[in-house]
Each structure stands twice: as structure tokens, then as C-alpha cells.
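First listed ligand is number 1; within each ligand, the first listed atom is number 1. Along the sequence shown, residues are numbered consecutively beginning with 1. Just so it is clear, the model here is predicted, and its values are computed rather than measured.
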Amino acid sequence: MSVVRVCFVCLGNICRSPTAEAVFVRDVSNAGLSSRFRIDSAGTGDWHVGQHAHPETRRTAQARGVPITHLARQFVAHDFDAFDVILVMDRSNHRNVLALAPDEAARAKVHCFRDFEAGTEPMTEVPDPYHVGGFDEVFDICERASRGLLAHLVRTHELTAWSG
Ligand code: 4NP
């Protein structure tokens, strides 16, 4: 049974991408598809490697019933082998991730997360809450984009809860 390997990427891997990861894990689980996915997140920067998610990120997610246990790690070129789908939160993540891509096949794995959110313009960013706040908004965005992403992957990978 094939597994779809999905990695969410932001700058610090302590606010946006751990939220996206946790929301997507919940949605996949609710769809009965946990065995069909490997889900992770990473940051393009290394400042917070090994740290828990930002306290406000964890508090916001916990309040919505989505615990975040991820420890920050840095995105590395090997992640292009380890993952099939790489979702970036903003244009700067997009540039930094593409700079590590070894070839066109790797570049084709990289998508803007909000491109899966219904009604958004291409390359709409998940706003960075680290300095200015907006953790609830980030969570709301992740919920909308996660729903669209899961629907897309179920369609393109012909996944159903009872297959395999
Ligand atoms: P994130 O937020 O990329 O959503 O995890 C940030 C976390 C840390 C920093 C910037 C953004 N920082 O500059 O340390």
C-alpha cells in the first residue's frame, strides 16, 4: 500500500508549519486515512531546531483540540527524497526550498499551501505570526487549506478509507 509523504515548511518550524502539520494529521485521521500518509514539518532556518512549537502556537491549537508535539528541525536537501509533497507557507520559504532542489522532479514537489485553500489567489501566503501575532488566524487558514489539500491528495492518489 503506497504512502503519501507530506512535509509542511515555514521559516522557524515553530508557528505555521507545525500548526499545518497537526491540523492535517487530525484531518487525515478523521478521514480514516492515517495509514496512507507520512506527515512532518520543517523550517528553512535553524534557530529553533530541537525546540517545541511557540507557546502561543501550542496554546491556540490545544484550545481547538489539536495538540502539537513536534520538535523543530531544519529542512534539508534530503527531504526531497523523503517526501512526495512539500507545502510552503510563504514566498520566502518557496525561494529557500527551491534553492535546495536538486532537479526538476524535486522542484515539482513544492507547492504553496494556500493554493489548496478555496478562493485564494495563487501564492497567497500564510502570514508569519512570530513578531505580530495572529495565531488564531493562522490556525483558521491551516484548517481551510488542509481541507483542500486532503481532498486534492485523495483525488490524485485515489485514496479511500477502506482501500489497501
Ligand atoms: P514560523 O515563524 O516560520 O511560522 O515558525 C517564525 C518563527 C521564528 C522566527 C521567524 C518566524 N524567527 O525569526 O526566529
Side-chain angles (χ1 to χ4, degrees), residues 4-30 37-102 106-150 152-153:
V4 186
R5 303 164 303 165
V6 179
C7 187
F8 297 92
V9 180
C10 61
L11 176 58
N13 194 212
I14 56 169
C15 300
R16 292 165 293 174
S17 61
T19 301
E21 174 192 355
V23 167
F24 191 65
V25 164
R26 180 210 51 195
D27 289 353
V28 162
S29 172
N30 286 347
F37 283 91
R38 175 178 171 222
I39 303 162
D40 195 8
S41 66
T44 59
D46 66 358
W47 310 285
H48 300 282
V49 167
Q51 295 178 11
H52 284 283
H54 190 288
E56 199 60 23
T57 293
R58 280 187 287 153
R59 193 200 61 73
T60 301
Q62 187 70 44
R64 312 277 199 108
V66 180
I68 294 180
T69 56
H70 181 79
L71 298 179
R73 72 174 187 91
Q74 189 170 24
F75 186 85
V76 292
H78 172 71
D79 286 314
F80 284 106
D81 298 324
F83 294 96
D84 307 301
V85 187
I86 296 164
L87 287 316
V88 297
M89 301 295 131
D90 64 29
R91 288 164 192 263
S92 135
N93 308 151
H94 195 248
R95 269 194 310 277
N96 291 328
V97 165
L98 286 181
L100 294 172
R107 279 190 285 280
K109 295 181 175 187
V110 183
H111 304 275
C112 178
F113 186 35
R114 292 194 77 178
D115 284 354
F116 294 96
E117 179 183 344
T120 54
E121 297 290 321
M123 297 289 292
T124 300
E125 301 187 330
V126 182
D128 181 351
Y130 185 66
H131 293 291
V132 295
F135 292 87
D136 277 302
E137 187 198 356
V138 165
F139 192 93
D140 291 340
I141 289 168
C142 288
E143 287 207 303
R144 295 196 296 270
S146 172
R147 194 176 309 133
L149 174 65
L150 181 56
H152 170 80
L153 293 176

Problem - Aromatic plane relationship, His48 with Tyr130 - under 30° parallel, 30 to 60° tilted, over 60° perpendicular - result: perpendicular
**OP:** Mind telling me whether Phe113 and Phe8 have parallel, tilted or perpendicular rings, with 30° and 60° as the class edges?
**Re:** perpendicular
With Glu137 as partner, the option from Pro129, Pro127, Cys142 fulfilling side chain to side chain contact (heavy atoms under 4.5 Å, CB included) is Pro127
Min over Phe135, Tyr130, Trp47 of heavy-atom distance to atom 10 (C) of ligand 1 lands on Tyr130
His94 meets the side chain to side chain donor-acceptor pair (under 3.5 Å) criterion, sequence neighbours left out, with none
In ligand 1, the atoms that come under 4.0 Å of a heavy atom of Gly12 are 1 (P), 3 (O), 5 (O), 7 (C)
Within the 4.0 Å heavy-atom cut-off, what Met89 brings close to ligand 1 is neither
Between Asp79 and the options Lys109, Arg73, Gln74, the side chain to side chain contact (heavy atoms under 4.5 Å, CB included) test singles out Arg73
May I ask you to check if ligand 1 and Asn13 share an N or O to N or O distance below 3.5 Å?
yes
Note: Asp128, heavy atoms under 4.0 Å from ligand 1, region reported as side chain
### Salt bridge Glu125-Arg16, side-chain N to carboxylate O under 4.0 Å
no
heavy-atom search around atom 1 (P) of ligand 1 in the protein gives Cys10 SG, 3.5 Å
So the atoms of ligand 1 within less than 4.0 Å of a heavy atom of His48 turn out to be 8 (C), 12 (N), 14 (O)
Counting from 1 in the order shown, the ligand 1 atoms closer than 4.0 Å to a non-hydrogen atom of Leu11 are 3 (O), 10 (C), 11 (C)
Applying side chain to side chain donor-acceptor pair (under 3.5 Å) to Arg64 and not counting sequence neighbours gives Asp136, Asp140
Taking only non-hydrogen atoms of Cys15 and a 4.0 Å limit, the atoms of ligand 1 in range are 1 (P), 2 (O), 4 (O), 5 (O)
Original post:
Any N or O of Ser17 that comes nearer than 3.5 Å to an N or O of ligand 1?
Top reply: no
